[in-house]
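Structure record follows, encoded as structure tokens.
The chains referred to below are lettered A, B, ... by the order of the sequence lines, with proteins before strands, and numbering in each begins at 1. Just so we're clear, the structure is a prediction, and the values are computed from it rather than from any experiment.
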Amino acid sequence: MPAASTAALFDPAASAGPHPTLTIYNTLSKKKEPFETVTQGKVGIYLCGPTVYGKAHIGHMVGPVLFDTIKRYLTYCGYDVHWVVNITDVDDKLIKAAAEQGITMAEVADLNIKDYDDNLAALGVTEIDDFPKATECMGEIIDFIAGLVDEGFAYESQGDVYFDVAKDSGYGKLSNRTVEAMQGDGGGAADRKRSAADFALWKNAKAGEPSWDSPWGKGRPGWHIECSAMSKKLLGETFDIHGGGLDLVFPHHENEIAQSECRHGKPMVKYWAHNGLLRKDAAAGKIGGRAERDAKEAPADDAGGKMSRSKGAGGLADLIAKQGGERIRFFLLRTHYRSTVLFSEEAIEEAAVGLETFYRLFKRFARITKADFYGLTPPTSRGASSIALGDDPTLNAAEAHREKFLTAMDDDFNTGGAIAELFELARLTNKYCEDRKLEESADPADVATLELLMTTIKELGGILGIFRQPPMSAAGSDDLLDKLMPVVIALRADARAAKNFAIADAIRDGLKPAGVTIEDRPSGAEWTGGGEGAVEAVMQMLIGLRATSRAAKDFATADALRDQLAAIGVTIEDRAGGAEWSVSS
RNA sequence: GGCGUCGUAGCCAAGUGGCUAAGGCAUCGGAUUGCAAAUCCGACAUCGUGGGUUCGACUCCCACCGACGCCUCCA
């Protein structure tokens, strides 16, 4: 691959022209294009964020996770990236929600912004530079509209201001439609518009609505204008990448282009990048879509089992609390961003099985080297691989996988293809540990090689925004379980040493209902799992084991069990109807 | 109706005009293990249907079938 070396050498800060290997799909041209920035070395990204009238759903996270990954990758490639995500905090639905809840629109917004931020943090979305709110950019918005009116691209009508679509010869180019083909009836404001396709830049305030002073009287901005005004303010009149869900192509982004390009007389955006939408199942529409909302608002007639609104889906925050953000992020990144993804908890859990392979490898690394995977510090730029090609076939293979990972990312951010290389790297590393029997003895050279392999995994995982820190355990940690398990393991080790495999196996099997798995290692057993109800299940297993031992007159085991539990403050009392356990504080 | 996207093994999912069609999950063998688990090795697809272009297509074109999105708020 001759391209790899030149790609590694390309320095966006120092070199002009397109990136030699990186391509990005552009919705406007409908093809992949070489990536070339507006300003040498710098990238401006604008992502349409949420309208914060309600709690976020999983669909709202696709764009942020994707663009967080894109920013990480571009930064890794040497670009100086500035990423903006806007918050729409003035809108009909917010006004409605405020009225229903008896609080102000700003309070509705604050509540939901908090929820949104928490969700982003949990998914490892940490790279957003600016979070502008529409209400905080009112001056820029009004100026923008005034400019359009002055130049004849917009007109006032009864306190509203509309964009005059007929004045924009390019209108429809993003969503590939003609003004004639627009079938809308113009909505409720049709009588105030020159054409049904015209859209509101400014809406006259109705009584009791939040409003701002403007040259056209009190009112508030239309939906699309804030993005034109805020992107101009923060990224300039022409910037590099504009993102959002595919459902925003029309009318939102079409209207943004119309406003900005008529106002500035130059292209607004170089690359329009749209992510695919999430669906619940093959026959359902997108998550959070109209069909879903209609179902939610429909009267509750559970009788027929219409659609799947019952199954305790819970909110996004609940999902994150249950699954953990890294699983969700990994799940989203497995699929190409422009694809539709069928979303379900089962699908997340299946993806999580693969993720566990990495977590086990991290533990294996710690076992061998006594070092913490999360403490490794990989190179942060593309040109600086930690691996130098040489005679070691394992390292050479690892570097080849690294190159393939980067090639996949270069190809329109193909995270799915990139993840495959991560698995290859894990396999290679496990095999290295296996072949060299590193768990038995590892000389410094072996450890050094192993560290290079693990560092590469950390480096590439970091680009995807994963493996940056230990994942939160699925259901929170449980102190008592942490104390209990060493006792269980010691008990089992004794049994194994005494070749009492019946007891050893009974312990391991008895742990399954608790969701706890034991893995025997030369260096001792390790356990994973747990979760809600695990402590009770483990205790019941121990109580059962003790009863069995006593019945078999194996008082040594029974007593050892009770004594060791007592040592950690857990007492077992034998009662007529069975044993009870309690914790002394 | 208009404009788009998509259809790859049991499931999820990359990718390519000709070289072994990635990877994950599941399954089945083998190594390893007291037995397991984990790990490693191996097995497992001719790419929706029908045509066309081509020396050659899963990859390009056409038609059809099916799914989904947008055309109204929407990540």
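- With hydrogens and angles ignored, the 3.5 Å screen pairs no side-chain donor or acceptor of K32(A) with any backbone N or O of T23(A).
- Residue contacts for I518(A): at a heavy-atom cut-off of 4.0 Å it reaches a base atom on one of the strands shown.
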Report task. May I have the step-by-step check of side chain to side chain donor-acceptor pair (under 3.5 Å) for T51(A) and D91(A), ending in yes or no? Result -> CA-CA 8 Å; T51(A) 302; D91(A) 155 273; 5.1 Å; no
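- In this entry the distance linking CG of D247(A) with P of rC71(B) reads 8 Å, nearest Å.
- At a threshold of 4.0 angstrom between heavy atoms, the contacts of D520(A) include nucleobase atoms, whether or not backbone atoms are also involved.
- Nucleotide rC19(B) forms a pair with no other nucleotide shown, judged by Watson-Crick or G-U wobble geometry with both contacts under 3.5 Å.
- Between atom CG of residue L428(A) and atom CD1 of residue I457(A) there is a gap of 8.5 Å, rounded to the nearest 0.5 Å.
- For the P atoms, the distance linking rG7(B) with rU16(B) amounts to 12 Å, nearest Å.
- In this model, the phosphate group of rC12(B) is not approached by any side-chain N or O of S339(A) to a distance below 4.0 Å at OP1 or OP2.
- No contact: L47(A) has no heavy atom under 4.0 Å from any strand.
- Within 4.0 Å of G243(A), counting heavy atoms only, lies no atom of the nucleic acid at all.
- In the interface, the side chain of D509(A) is not paired with the base of rC35(B) through any donor and acceptor atom under 3.5 Å apart.
- Heavy atoms of G59(A) sit under 4.0 angstrom from at least one base atom.
- Spacing of C1' atoms, rU5(B) relative to rC19(B), comes out at 31 Å, to the nearest Å.
- The structure places OH of Y171(A) at 8.5 Å from CZ of R177(A), a figure rounded to the nearest 0.5 Å.
- For the pair E256(A) (side chain) and H224(A) (backbone), a donor-acceptor distance under 3.5 Å is absent.
- Separating the CG atom of L278(A) from the C1' atom of rC12(B) is a distance of 14 Å, rounded to the nearest angstrom.
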Query raised in the report: Yes or no on salt bridge (Lys or Arg N to Asp or Glu O under 4.0 Å) for K404(A) and E424(A), after CA distance, side-chain angles and deciding distance?
Result: CA-CA 11 Å; K404(A) 284 179 79 175; E424(A) 293 284 10; over 6 Å; no
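- OP1 or OP2 of rA75(B) sits under 4.0 Å from a side-chain N or O of T51(A).
- Look at CZ on R338(A): it is 12 Å from C1' on rG4(B), rounded to the nearest Å.
- Rounded to whole Å, the P atom of rA21(B) lies 22 Å from the corresponding atom of rC12(B).
- Between the CG atom of L332(A) and the P atom of rA75(B) there is a distance of 16 Å, rounded to whole Å.
- Of all nucleotides listed (rC71(B), rC68(B), rG34(B)), rC71(B) comes nearest to the side chain of P251(A).
- Of the possible polar contacts, none joining the D130(A) side chain to the P132(A) backbone as a donor-acceptor pair under 3.5 Å is found.
- The shortest distance between side-chain heavy atoms of R329(A) and T69(A) falls below 4.5 Å.
- Phosphate proximity of rA75(B) to N275(A): absent, as no side-chain N or O sits under 4.0 Å from OP1 or OP2.
- rA36(B) atom C1' lies 13 Å from atom CG of L511(A), rounded to whole Å.
- RNA chain B is contacted by both H252(A) and N176(A); N176(A) maps to the nucleotide lying nearer its 5′ end (nearest heavy atom per residue).
- Rounded to a whole angstrom, the distance from the P atom of rU46(B) to that of rA22(B) is 13 Å.
- Within the shown strands, rC71(B) is the pairing partner of rG1(B) under the Watson-Crick or G-U definition, both distances less than 3.5 Å.
- Among the atoms of the strands shown, base atoms are found under 4.0 Å from some heavy atom of D505(A).
- Residue contacts shown for R492(A) include a base, since a base heavy atom lies under 4.0 Å away.
- Minimum atom distance to the side chain of L248(A) is reached by rA75(B), of the listed rA75(B), rU39(B), rA13(B).
- Rounded to a whole angstrom, the distance from the C1' atom of rU20(B) to that of rA37(B) is 32 Å.
- With rC40(B), rC35(B), rA38(B) as the candidates, the nucleotide lying closest to the side chain of N430(A) is rC40(B).
- Using atom C1' as the reference point in both rU27(B) and rC60(B), the two lie 37 Å apart (nearest Å).
- Between the C1' atoms of rC47(B) and rA57(B), the separation comes to 11 Å (whole Å).
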Report task. For each nucleotide in nucleotides 15-33 of chain B, reading 5' to 3', give B when a protein heavy atom comes within less than 4.0 Å of its base, S when such contact involves only the sugar-phosphate, and - otherwise. Result -> S------BSBS--------
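- Panel note: side chain D412(A), backbone Y25(A); a donor-acceptor pair is recorded below 3.5 Å.
- Among the nucleotides rA75(B), rA36(B), rA13(B), the one closest to the side chain of K286(A) is rA75(B).
- Between K437(A) atom NZ and rA38(B) atom P there is a gap of 20 Å when expressed in whole angstrom units.
- Not one side-chain nitrogen or oxygen of K30(A) sits closer than 4.0 Å to the OP1 or OP2 atom of rC3(B).
- Ring centroid separation for the pair F423(A) and F358(A) comes in under the 6.0 Å cut-off.
- Mapping H224(A) and R279(A) onto RNA chain B by nearest heavy atom places R279(A) closer to the 5' end of the strand.
- Across rC58(B) and rG17(B), the matching C1' atoms stand 10 Å from one another, rounded to whole Å.
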